[in-house]
Amino acid sequence: MDDRLDGAAGVARPLTAAPTLAHSSLAHSWNLSTSEAVALQKRLATEVVREDRLGSVRRVAGVDVGYGKRGGDARAAVVVLDLADLTVLESVTATRAVAFPYVPGLLSFREAPVAIEALGKLRIRPDLLLCDGQGIAHPRRLGIASHLGLLLDIPSIGVAKSRLIGTHEDPGPRRGDWAPLVNKGEVIGAVLRTRPGTKPIYVSIGHRIGLDTAVSCVMRCTTRFRLPETTRAADRLSKVAVVADV
DNA sequence: GCGACAG
DNA sequence: ATCTTGTCGC
């Protein structure tokens, strides 16, 4: 079987589908109205798997999207690291014009298309995706991490720098301490202290992984900084990607 | 009706 | 997210 990623889109697709040009997201409807997007989220959310359904994790990908100064272009960057030593195995980028406004709760409709395009360029198929933003810690339980994980059928985790929804206590002061993020009586994520003396990060299930495993993986990808190395690497790349892409 | 609000 | 100068701290 082809090990490359298929571009996916509005609806989940089996991995056994024939290899495509890795740009198939273009062939799908990301151009939805906000109400249609909300309806799609509600439907896709029922497909999200909130428990460990992943093999051994070796290759972890960080996914991030940045924007040009003019605000017209979105640049996605994906960096795959070897979890054993956090060295870079592969990195790719993609750039395209933004086609959807930023609306809290609908971030994936703005950033997922270009992110999927970048992911489609990967030769390596990552075992896990660490996405910038929420997973199920979302009003309709389908943040960008869940959306991407579901469409690509790859285990994923949401790693956000700030809160979208939910309430929580302050996590302990030590690295690794975390407090549950709760919404409507449900634990939707973990507010994790990755570094003493700094603001905690918001970790949530993306797809095919449980919360405890997600927290564990994020910790393993985090060294001396607040954010995991995967996210930092992708973030840096997304800020210079426009030069290499355009 | 009044705030809150990933990136 | 991006726009921006200096400033506090290790």
Side-chain angles (χ1 to χ4, degrees), chain A residues 30 34 37-38 40-41 44-45 48 61-79 93-119 129-151 156-168 175 181-184 188-192 194-207 211 214 218 223-228 230-243 245-246:
Chain A
W30 282 104
T34 55
V38 167
L40 178 57
Q41 288 183 324
L44 293 180
V48 173
V63 184
D64 188 38
V65 176
Y67 299 88
K69 293 181 179 180
R70 289 191 51 189
D73 299 323
R75 303 110 75 179
V78 179
V79 179
T93 63
T95 299
R96 60 164 76 177
V98 294
F100 200 93
Y102 170 67
V103 179
L106 297 180
L107 179 66
S108 62
F109 293 89
R110 176 179 174 81
E111 301 193 344
V114 68
I116 289 173
E117 183 176 337
L119 285 160
L129 256 38
L130 293 210
C131 307
D132 230 58
Q134 316 292 345
I136 65 170
H138 176 282
R140 293 166 293 282
R141 306 297 187 258
L142 195 86
I144 188 168
S146 296
H147 202 157
L148 286 176
L150 190 60
L151 295 187
S156 65
I157 300 172
V159 178
K161 295 180 290 300
S162 62
R163 184 193 68 91
L164 175 57
I165 59 164
T167 59
H168 64 86
R175 170 180 157 75
L181 178 63
V182 180
N183 176 242
K184 294 184 176 177
I188 58 174
V191 184
L192 176 66
T194 53
R195 179 184 171 163
T198 60
K199 207 159 106 49
I201 63 176
Y202 295 76
V203 177
S204 58
I205 290 171
H207 182 49
L211 185 57
V218 169
T223 58
R224 55 185 304 200
F225 301 101
R226 179 168 82 117
L227 299 174
T230 41
T231 299
R232 300 183 69 242
D235 183 64
R236 284 195 301 271
L237 186 57
S238 75
K239 289 175 179 171
V240 294
V242 67
V243 179
D245 284 336
V246 180

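All chains are named by letter (A, B, ...) in the order of the sequence lines, taking the proteins before the strands, and each is independently numbered beginning at 1. Scope of the values below: all heavy atoms of this structure, side chains included, with no hydrogens, waters or symmetry mates. Keep in mind the model is a prediction, meaning the values are calculated, not measured.
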Requested in this report: Measure the distance from CG on A:Leu227 to C1' on B:dG7 and round it to the nearest whole Å.
Outcome: 13 Å

Query - Distance, rounded to the nearest Å, where A:Leu107 contributes CG and B:dA4 contributes P - result: 21 Å

Query raised in the report: How long is the line joining NZ of A:Lys239 and C1' of C:dC3, in whole Å?
Result: 12 Å

Query raised in the report: Looking at A:Lys161, does any N or O in its side chain come under 4.0 Å of the phosphate oxygens OP1/OP2 on B:dG7?
Result: yes

Query raised in the report: Is it true that A:Arg236 and A:Asp64 have a side-chain N and a carboxylate O under 4.0 angstrom from each other?
Result: no

Report task. Calculate the interatomic distance between A:Ile165 atom CD1 and B:dG3 atom C1'; express it in whole Å. Result -> 16 Å

Query - Whole angstrom value for the distance that separates C1' of B:dG7 from CD1 of A:Ile201 - result: 15 Å

Query raised in the report: Taking atom types as modelled and ignoring hydrogens, do the side chains of A:Glu111 and A:Tyr102 form a donor-acceptor contact shorter than 3.5 angstrom?
Result: no

Requested in this report: For A:Asp64 and B:dA6, give me the distance from atom CG to atom C1', rounded to whole Å.
Outcome: 12 Å

Requested in this report: Just call it for A:Gly105: base, sugar-phosphate, or nothing, with non-hydrogen atoms closer than 4.0 Å on any strand.
Outcome: base

Query raised in the report: Of the nucleotides C:dT2, B:dA6, B:dA4, which has the atom closest to the A:Arg163 side chain?
Result: B:dA4

Query - A:Ser162 side chain near B:dG7 phosphate (N/O to OP1/OP2, under 4.0 Å) - result: yes

**Report entry** Under 5.5 Å and under 30°: A:Tyr102 stacked on B:dG7
**Finding:** yes

Query raised in the report: Which is true for A:Leu106 with a 4.0 Å heavy-atom rule: it touches a base, it touches only sugar-phosphate, or it touches nothing?
Result: base

